[in-house]
S.K.: 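What follows is a structure written as structure tokens; I'll ask about it next.
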Amino acid sequence: MNWQSDSNGIRTTFAPILEQWYALHKRDLPWRHTVDPYRIWLSEIILQQTRVAQGKPYYERFVEAYPTVVDMAQADERELLRLWQGLGYYSRARNLHQTARYVTDKLAGKFPDTYHDLLKMKGIGTYTAAAIASFAFGERVPVVDGNVYRVLARVFGITEDITTTAAKKTFASLAMQLIQSANDPATYNQAIMEFGAIHCTPVAPDCLLCPVQQQCAAFLTGRQHLLPVKSKKAPVRERFFNYFIFRHNGRLALRERTTRDIWQNLYDFHLQETDEPKTALRDIPLADLVGQIIQEGVLVAPPVESVQLLSHQRIRAKFYLIDVPDALANSLPIDLQWYLPTEISKLPKPVLITNYLDQQFG
DNA sequence: AACACGGGGGC
DNA sequence: GCCCCAGTGTT
């Protein structure tokens, strides 16, 4: 369908219809009671790739811990990551801290107030810049997120593959046209995303009660379940993590992950990754130092196994708990350090590690 | 343009 | 168990 010919008027009535729908159906969420750009920014970063139900308690805790951008700028990054623990995509937390410090130090604590300037901040891309610019400052710039792709693809019958650059331009251009007819850009942006999230859902959209049912290209041809078109599906990589948990005098040895891999700046145990599952300890290649500790140490129990599913990796983990003899307690590999349980609880850790600790020592 | 980056929910 | 969801930065 050619949405540029707007014979039935949907292109100009779309935004007001959704604004009206939003007034009746919007959820009461904490970040909808503020126009403080700091809090809107915080909520938007948390909600990237994250469902409202999962993000909401994190937002509450962050606002409590850091009421202003200056508070966040002064925070210890480890503490911030600890608050972020469990949300995933930890670069969001690192970028959050970096931008908080930038706004505090270089912009005197005043958040950028235009789409253009917001885009310059680390962790703020086109979506988040549009969200903050419209919600906090009323700028007439459209948000284009996954919800928007879905709603527009269906209503306007766009069959382009949304993963392509060309399609992104198509959607951005249409979105820019549609927001021109909005009574209030902020309300319209909230409305179209809320509509996608709770009404025009990926599976089983509620077409029978849809306010644009008779203008929806997908509904009128019975193809709503086929849109939007998305080509790329990430294959899941299989990984095998052999963890060695060294224990001595009630302390455990952990290290900060610094390699360019998942969970950067989070803490885990000594890790030997193998490219296939190893059933026997002797089959795992070990550095001399570690080999000696394991040889002379005491394997406390059979290894504990668990699986951590990420969107793009399946990690099969095996945890070997080793009691280290006194003589070797000071000969750990350089990156490992001893931590008491109370210290460990304050360190940011991947869910895989938290689950193991809870299960083994909780 | 392709890829990497966590975790959770529905059925 | 297998499917779904999704912005930004880097290469």
Side-chain angles (χ1 to χ4, degrees), chain A residues 40-58 81-99 115 118-132 142-153 160-169 171-172 175 189 193-194 196-205 225-239 241 257-268 306-317 348-355:
Chain A
I40 289 168
W41 166 65
L42 173 61
S43 73
E44 291 300 337
I45 301 298
I46 289 174
L47 292 173
Q48 285 170 7
Q49 321 293 336
T50 303
R51 286 180 162 76
V52 165
Q54 190 193 1
K56 189 174 162 184
Y58 284 84
L81 275 168
R82 178 66 182 79
L83 269 179
W84 195 270
Q85 180 176 297
L87 260 187
Y89 287 123
Y90 296 93
S91 64
R92 290 184 292 168
R94 299 191 297 269
N95 289 338
L96 200 65
H97 197 215
Q98 187 177 327
T99 291
Y115 175 81
L118 285 160
L119 261 186
K120 298 173 185 166
M121 301 296 110
K122 198 86 166 183
I124 297 184
T126 54
Y127 163 74
T128 306
I132 300 170
V143 292
V144 183
D145 74 343
N147 292 305
V148 175
Y149 282 127
R150 185 169 57 255
V151 172
L152 296 187
E160 286 180 74
D161 179 346
I162 64 170
T163 64
T164 65
T165 305
K168 287 177 170 63
K169 287 177 67 176
F171 282 90
N189 275 339
M193 291 193 290
E194 187 79 338
I198 69 183
H199 195 111
C200 191
T201 48
V203 177
H225 62 290
L226 297 175
L227 295 174
V229 175
K230 255 179 304 188
S231 67
K232 292 162 192 166
K233 40 208 155 192
V236 175
R237 178 158 69 119
E238 295 269 357
R239 300 180 73 176
F241 282 10
R257 294 177 62 87
T258 53
T259 56
R260 213 156 56 184
D261 195 357
I262 54 172
W263 304 329
Q264 204 179 334
N265 299 113
L266 276 65
Y267 287 74
D268 64 358
S306 68
V307 178
Q308 175 74 38
L309 294 169
L310 312 181
S311 59
H312 47 295
Q313 299 183 19
R314 187 204 321 275
I315 297 168
R316 302 181 184 278
K349 300 168 291 295
V351 165
L352 175 67
I353 300 302
T354 304
N355 286 346

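Reminder, nothing fancy here: chain letters follow the sequence lines and each chain counts from 1.
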S.K.: Considering every strand and a 4.0 Å limit on heavy-atom distances, what is the contact class for A:Leu310: base, sugar-phosphate, or nothing?
M.R.: base
S.K.: On the nucleotide C:dT11, are OP1 or OP2 found under 4.0 Å from the side-chain N or O atoms that A:Arg260 carries?
M.R.: yes
S.K.: Base, sugar-phosphate alone, or nothing: which one does A:Arg150 contact when heavy atoms must sit under 4.0 Å apart?
M.R.: sugar-phosphate
S.K.: Take atom C1' in B:dC3 and the same atom in C:dA6, then report the distance between them in whole Å.
M.R.: 15 Å
S.K.: Once you apply a heavy-atom cut-off of 4.0 Å, does A:Tyr127 come out as touching a base, just sugar-phosphate, or nothing?
M.R.: sugar-phosphate
S.K.: Over all strands shown, is A:Thr50 touching base, sugar-phosphate only, or nothing at heavy-atom distances under 4.0 angstrom?
M.R.: base
S.K.: Which part of the nucleic acid, if any, lies within reach of A:Ile45 when heavy atoms closer than 4.0 Å are counted: base, sugar-phosphate only, or nothing?
M.R.: nothing
S.K.: Counting only side-chain N and O atoms of A:Trp84, is one of them less than 4.0 Å from OP1 or OP2 of B:dC5?
M.R.: no
S.K.: Could you check which of B:dC5, C:dT8, C:dA6 has an atom nearest any side-chain atom of A:Thr126?
M.R.: C:dT8
S.K.: Let me spell it out: for each of A:Ala166 and A:Leu309, pick the nucleotide of DNA chain B with the closest heavy atom. Which residue's pick is nearer the 5' end?
M.R.: A:Ala166
S.K.: Side chain of A:Gln48 only, please: which of C:dG7, B:dG7, B:dC5 is the nearest?
M.R.: C:dG7
S.K.: Measure the spacing between OH of A:Tyr127 and CD1 of A:Ile132 and express it to the nearest 0.5 Å.
M.R.: 9.0 Å
S.K.: A side-chain contact here means heavy atoms from C-beta on lying under 4.5 Å apart; do A:Val148 and A:Phe171 qualify?
M.R.: no
S.K.: Which value, rounded to the nearest 0.5 Å, describes the distance between A:Lys122 atom NZ and A:Leu96 atom CG?
M.R.: 13.5 Å
S.K.: Is A:Lys230 near enough to C:dC4 that one of its side-chain N or O atoms lies under 4.0 angstrom from OP1 or OP2?
M.R.: no
S.K.: Could you check if a side-chain atom of A:Leu266 sits within less than 4.5 angstrom of a side-chain atom of A:Ile353, using non-hydrogen atoms only?
M.R.: no
